[in-house]
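Basis for what follows: all heavy atoms, side chains included, without hydrogens, waters or symmetry-related copies.
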Amino acid sequence: MTEGTTSAAAEGADTLTRLEQEGEIAADYLEGLLDIADLDGDIDMDVEADRASVSIISDTGGRDLQKLVGRDGEVLEALQELTRLAVHRETGDRSRLMLDIAGYRAQKRGELSELGAKAAAEVKNSGEPVKLKPMTPFERKVVHDAVKAAGLRSESEGEEPQRFVVVLPA
């Protein structure tokens with residue numbers, strides 16, 4: 001191995017260790033929250049796409065966990081931000097941690113990927129840009145990725161919370 005390859009491997013291992021630490025801090029924080037709320041749930045940690053990923057899952061179908069998702073994922077978004085703050089408090093570093101509860105984000109990711117693919121197909125057929133409804137940053141990212149996979153490009157426009165994706169012709 002060359003010196004550059006060795007340092008790149010060490011840097012990758014350091015990043016993985018840091019992300020695993022973020023996941024553990026987040027899991028501890030969320031376990032405390034579940035205890036306080038008297039909710040049952042198991043914590044699953046992973047590292048995906050250079051970010052820590054933590055999921056709260058339930059063996060009993062997750063009906064109680066739906067309270068932590070809220071309408072349109074609003075409570076989930078707030079809990080994600082609180083969890084990121086807890087990680088920041090412990091590490092001093094900004095976290096990009098992703099939180100999923102009862103499979104809500106996984107299901108939403110599938111729906112949004114399909115929406116992005118359909119919008120891309122519409123743009124390919126018409127040659128005209130397509131504007132989508134306002135979305136959260138997570139939702140826009142999933143749509144951007146789906147549009148890119150379809151071979152087109154997209155941009156976000158507007159100001160939060162009314163920021164939306166525009167799918168553009170090639």
Side-chain angles (χ1 to χ4, degrees), residues 8-116 132-149 154-166:
E11 186 176 306
D14 288 346
T15 299
L16 181 61
T17 302
R18 182 180 52 78
L19 293 174
E20 288 172 344
Q21 179 190 17
E22 281 187 20
E24 289 177 22
I25 294 167
D28 289 345
Y29 176 78
L30 292 166
E31 283 176 2
L33 179 91
L34 290 172
D35 287 344
I36 291 168
D38 195 28
L39 296 172
D40 290 326
D42 295 322
I43 309 288
D44 183 36
M45 296 180 300
D46 201 1
V47 174
E48 300 173 3
D50 290 334
R51 64 171 52 182
S53 175
V54 178
S55 299
I56 301 175
I57 53 178
S58 173
D59 297 333
T60 60
R63 273 219 146 324
D64 284 344
L65 292 181
Q66 290 304 317
K67 296 172 187 172
L68 298 179
V69 173
R71 188 176 53 111
D72 296 328
E74 290 173 336
V75 176
L76 171 59
E77 290 288 333
L79 287 174
Q80 177 175 277
E81 287 306 310
L82 290 171
T83 305
R84 286 177 174 176
L85 287 172
V87 170
H88 181 266
R89 184 184 68 223
E90 292 290 322
T91 65
D93 295 327
R94 182 178 173 272
S95 174
R96 296 178 51 233
L97 176 128
M98 287 297 291
L99 174 63
D100 192 6
I101 299 174
Y104 176 82
R105 279 202 201 271
Q107 177 185 343
K108 191 76 169 170
R109 183 176 279 120
E111 294 169 2
L112 290 165
S113 292
E114 189 175 316
L115 174 68
L132 302 175
K133 66 178 180 56
M135 298 178 193
T136 66
F138 161 76
E139 293 169 334
R140 290 192 310 268
K141 170 77 168 96
V142 173
V143 171
H144 285 305
D145 290 347
V147 169
K148 184 177 181 180
S154 57
E155 297 175 350
S156 292
E157 293 184 5
E159 298 294 322
E160 295 292 353
Q162 297 300 313
R163 201 154 166 80
F164 59 94
V165 173
V166 179

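Using modelled atom types, no side-chain atom of E48 and backbone atom of S53 make a donor-acceptor pair closer than 3.5 Å. Checked by atom type and distance alone, the side chain of R140 never pairs as donor or acceptor with a backbone atom of V165 at under 3.5 Å. Using a distance-only test at 3.5 Å, with no hydrogens or angles considered, a donor-acceptor pair links the side chain of R163 to the main chain of G158.
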Item to complete: Start with the C-alpha gap between S154 and H144, add the side-chain angles, then the distance that decides, and say whether side chain to side chain donor-acceptor pair (under 3.5 Å) holds.
Response: CA-CA 6 Å; S154 57; H144 285 305; 2.5 Å; yes
Item to complete: Starting from the C-alpha separation in whole Å, work towards a yes-or-no answer on side chain to side chain contact (heavy atoms under 4.5 Å, CB included) for S113 and V142.
Response: CA-CA 6 Å; S113 292; V142 173; 3.6 Å; yes
Item to complete: Show your working on side chain to side chain contact (heavy atoms under 4.5 Å, CB included) between E24 and M45 and close with a plain yes or no.
Response: CA-CA 8 Å; E24 289 177 22; M45 296 180 300; 4.0 Å; yes
Practice prompt. I would like to know whether M98 and F138 meet side chain to side chain contact (heavy atoms under 4.5 Å, CB included); could you show each step before the answer?
Written response: CA-CA 9 Å; M98 287 297 291; F138 161 76; 3.3 Å; yes
Worksheet item: Can you check side chain to side chain contact (heavy atoms under 4.5 Å, CB included) on L115 and M135, steps first, answer last?
Response: CA-CA 12 Å; L115 174 68; M135 298 178 193; 3.7 Å; yes
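L34 approaches G41 most closely through the heavy-atom pair CD1-O, 3.9 Å. Nearest approach of D50 to L19, heavy atoms of both residues: C-CD1, 3.7 Å. Of all the heavy atoms in L68 and V75, the pair that sits closest is O-CG1, 3.3 Å. G23 and A52 make their closest contact through N-CB, 4.1 Å (heavy atoms, listed as atom of the first residue, atom of the second, distance). In terms of heavy-atom proximity, V143 sits nearest to G116 at CG1-CA, 4.1 Å. Smallest separation of non-hydrogen atoms from A86 and I25: O-CG2, 4.1 Å.
No more than 12 heavy atoms of other residues, nucleotides or ligands shown are found within 6.0 angstrom of CG on D38. Heavy-atom neighbours of D40 CG from other residues, nucleotides or ligands within 6.0 Å: at or below the threshold of 12. Within 6.0 Å of CD in E159 there are 12 or fewer heavy atoms belonging to other residues, nucleotides or ligands.
In this structure the side chain of D72 never reaches within 4.5 angstrom of the side chain of T136, judged on heavy atoms.
Pairs engaging residues 78-107 under the salt bridge (Lys or Arg N to Asp or Glu O under 4.0 Å) rule: E77-R105, E81-R84 [sequence neighbours left out].
Applying the salt bridge (charged side-chain N to carboxylate O under 4.0 Å, His left out) test to E114 and every residue at least two apart in sequence or in another chain returns K118.
Salt-bridge check for K141 with D145: passed, with a basic side-chain N closer than 4.0 Å to an acidic carboxylate O. Using a 4.0 Å cut-off between charged side-chain N and carboxylate O, E139 and K108 make a salt bridge.
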